[in-house]
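For clarity, every value in this text was computed on a predicted model and none was experimentally measured.
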Amino acid sequence: MTGNKKNDQQLDQQPARHRRDKGVQRRRVLIGGGTVALAGGLAAAGLASADTPSTTTDTSTTTVTGDASASTTSGVCTLTAEVTEGPYSLDGALIREDIREEKEGVEVQYTFTVVDQDNDCAPLADALVELWHCDALGEYSGFVGKNGHTEDDDGTFLRGGVLTDSDGAASIVSIWPGHYVSRAVHVHMRVHTDVTLADGTYTGGTVVHTGQLFFDADLNEEVQATSPYSDNTTSETSLGDDTIYDDGGAASGLLTLTALGSTVSDGYTATLTVGVSTS
């Protein structure tokens, strides 16, 4: 079933407790796909700008990547506009590498590299990379029931983030998201600078990027056909019909995925280079 902009806007407009009270900012931001490659001077390399996504499959590794063309100008990042944070954001995410809690699903090991367009595309250290997404049944913590299911809700499952290291790298473990009405499968992301860490969470800081991450459509179909995803009987919107994803490949948040084993249940790695403007 295809999504439509009206439904998505209705979701964004529904009241949500703790939601950040701000409009969608039009920050400039680059999202480039591929494995982390800081060695050899990432700061001096032009970052990726996206074209239409392409898929390359190796039967031993099952790597799926977004197509990208590289800029040849040193220290210049190709930038795209960020997108809405959606209706299910919460402030005060837990600082942790594993955000799964007790949620079942196909494991995804995320690795992001954050670089700063305003500093010759150099790695951005000590930035908080925050993720949140729905579970296999399409339910968000803090908002359980919006997709028609009843389950325990502690307000924290599948939410959290970590600080980037000196190379701008951040790794987070979660599960492949399920789906809910009117949207393709996706993950929400924010990148914060100058946060203060205390009691396992954060305060303050500045959000320098708000975006969404997307998954290869063919692999997603395989995942959604497995348990517990198959228990979700709500309509699923395809990636091509999503109202947020603009078919821009890696620059629009399409992850590079590599299988961790020979079956879907073995999980995947997911990598992306995220360039932000900190000014």
Side-chain angles (χ1 to χ4, degrees), residues 1-4 7-8 11 31 33-35 50-59 61-68 83 86 88 99-100 103-112 131-140 146-149 157-158 172-189 211-272:
M1 315 303 103
T2 60
N4 58 72
N7 284 344
D8 193 61
L11 282 175
I31 306 179
T35 54
D51 229 326
T52 54
S54 69
T55 300
T56 57
T57 302
D58 181 314
T59 54
T61 60
T62 315
T63 298
V64 180
T65 182
D67 186 25
V83 302
Y88 301 125
I99 65 175
R100 290 174 292 181
K103 289 298 177 180
E104 296 182 355
V106 173
E107 180 175 325
V108 180
Q109 300 175 2
Y110 295 94
T111 299
F112 304 103
L131 301 184
W132 71 96
H133 62 83
C134 67
D135 64 10
L137 297 180
E139 300 288 352
Y140 283 86
K146 295 290 186 180
N147 203 39
H149 304 91
F157 66 75
L158 304 178
I172 298 174
V173 178
S174 190
I175 63 169
W176 195 292
H179 64 274
Y180 57 93
V181 175
S182 85
R183 287 300 315 279
V185 171
H186 62 282
V187 171
H188 297 267
M189 167 188 274
Q212 296 185 25
L213 312 174
F214 299 94
F215 298 79
D216 174 76
D218 292 337
L219 287 183
N220 179 64
E221 184 177 359
E222 293 185 41
V223 171
Q224 300 297 319
T226 65
S227 179
Y229 301 92
S230 56
D231 294 333
N232 183 359
T233 58
T234 58
S235 300
E236 181 178 359
T237 299
S238 69
L239 184 62
D241 290 328
D242 189 69
T243 56
I244 301 297
Y245 180 67
D246 62 5
D247 203 31
S252 299
L254 187 65
L255 294 159
T256 294
L257 302 165
T258 302
L260 289 170
S262 58
T263 67
V264 169
S265 60
D266 291 326
Y268 295 87
T269 63
T271 58
L272 200 66

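- Rounded to the nearest 0.5 angstrom, Tyr268 OH and Ile175 CD1 are separated by 14.5 Å.
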For Tyr110 and Thr269: C-alpha separation, side-chain torsions, deciding distance, then whether side chain to side chain contact (heavy atoms under 4.5 Å, CB included) applies. CA-CA 6 Å; Tyr110 295 94; Thr269 63; over 6 Å; no
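- Residue Leu219 holds its CG atom at 11.0 Å from CG of Leu255, rounded to the nearest 0.5 Å.
- When every heavy atom of Ala250 is checked against every heavy atom of Leu272, the shortest pair comes out as O-CD1, 4.1 Å.
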Are Tyr229 and Val106 close enough, and set up right, to give a side chain to side chain contact (heavy atoms under 4.5 Å, CB included), and what steps lead you there? CA-CA 9 Å; Tyr229 301 92; Val106 173; 4.0 Å; yes
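- Judged as a ring-ring contact (aromatic ring centres under 6.0 Å, His included), and not counting sequence neighbours, the contacts of Trp132 are His188.
- Between Tyr180 and Tyr88, the two ring planes are perpendicular [angle over 60°; tilted spans 30° to 60°].
- The structure places CG of Leu131 at 6.5 Å from CG of Leu213, a figure rounded to the nearest 0.5 Å.
- Atom NE2 in His186 sits 10.5 Å away from atom OG1 in Thr237 (nearest 0.5 Å).
- Asp246 pairs by the side-chain contact (heavy atoms from CB on, under 4.5 Å) definition with Ser252, not counting sequence neighbours.
- For the 3.5 Å distance criterion, the side chains of Ser174 and His133 qualify, holding a donor opposite an acceptor.
- With a 4.5 Å cut-off on side-chain heavy atoms, Val108 and Ile172 do not count as touching.
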Test log, rule side chain to side chain contact (heavy atoms under 4.5 Å, CB included), inputs Thr271 and Phe112: CA-CA 6 Å; Thr271 58; Phe112 304 103; over 6 Å; no
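- Side-chain atoms of Asn232 and Gln224 include no donor-acceptor pair closer than 3.5 Å.
- Rounded to the nearest 0.5 Å, atoms CG (Leu239) and CD1 (Ile244) are 12.0 Å apart.
- Side chains of Leu254 and Tyr245 form a contact here, defined as non-hydrogen atoms less than 4.5 Å apart.
- At distances below 3.5 Å, not a single donor-acceptor pair connects side-chain atoms of Asp242 with backbone N or O atoms of Arg183.
- When all heavy atoms of Cys134 and Gly178 are compared, the closest pair comes out as SG-O, 3.5 Å.
- Side-chain N or O atoms of Glu139 include one that pairs as donor or acceptor with a backbone N or O of His149 at under 3.5 Å.
- Under a 3.5 Å cut-off, the side chain of Asp241 and the backbone N or O of Ser238 do not form any donor-acceptor pair.
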Can Asn220 and Trp176 be said to form a side chain to side chain contact (heavy atoms under 4.5 Å, CB included), step by step? CA-CA 9 Å; Asn220 179 64; Trp176 195 292; 2.9 Å; yes
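- Side-chain atoms of Asn147 come within 3.5 Å of backbone N or O of His179 as a donor-acceptor pair.
- With values rounded to the nearest 0.5 angstrom, Leu137 atom CG is found 10.0 Å from Glu104 atom CD.
- The side-chain heavy atoms of Ile99 and Phe157, taken from C-beta on, include no pair separated by under 4.5 Å.
- A donor-acceptor distance shorter than 3.5 angstrom exists from the side chain of Asp266 to the backbone of Ser262, with no hydrogens or angles considered.
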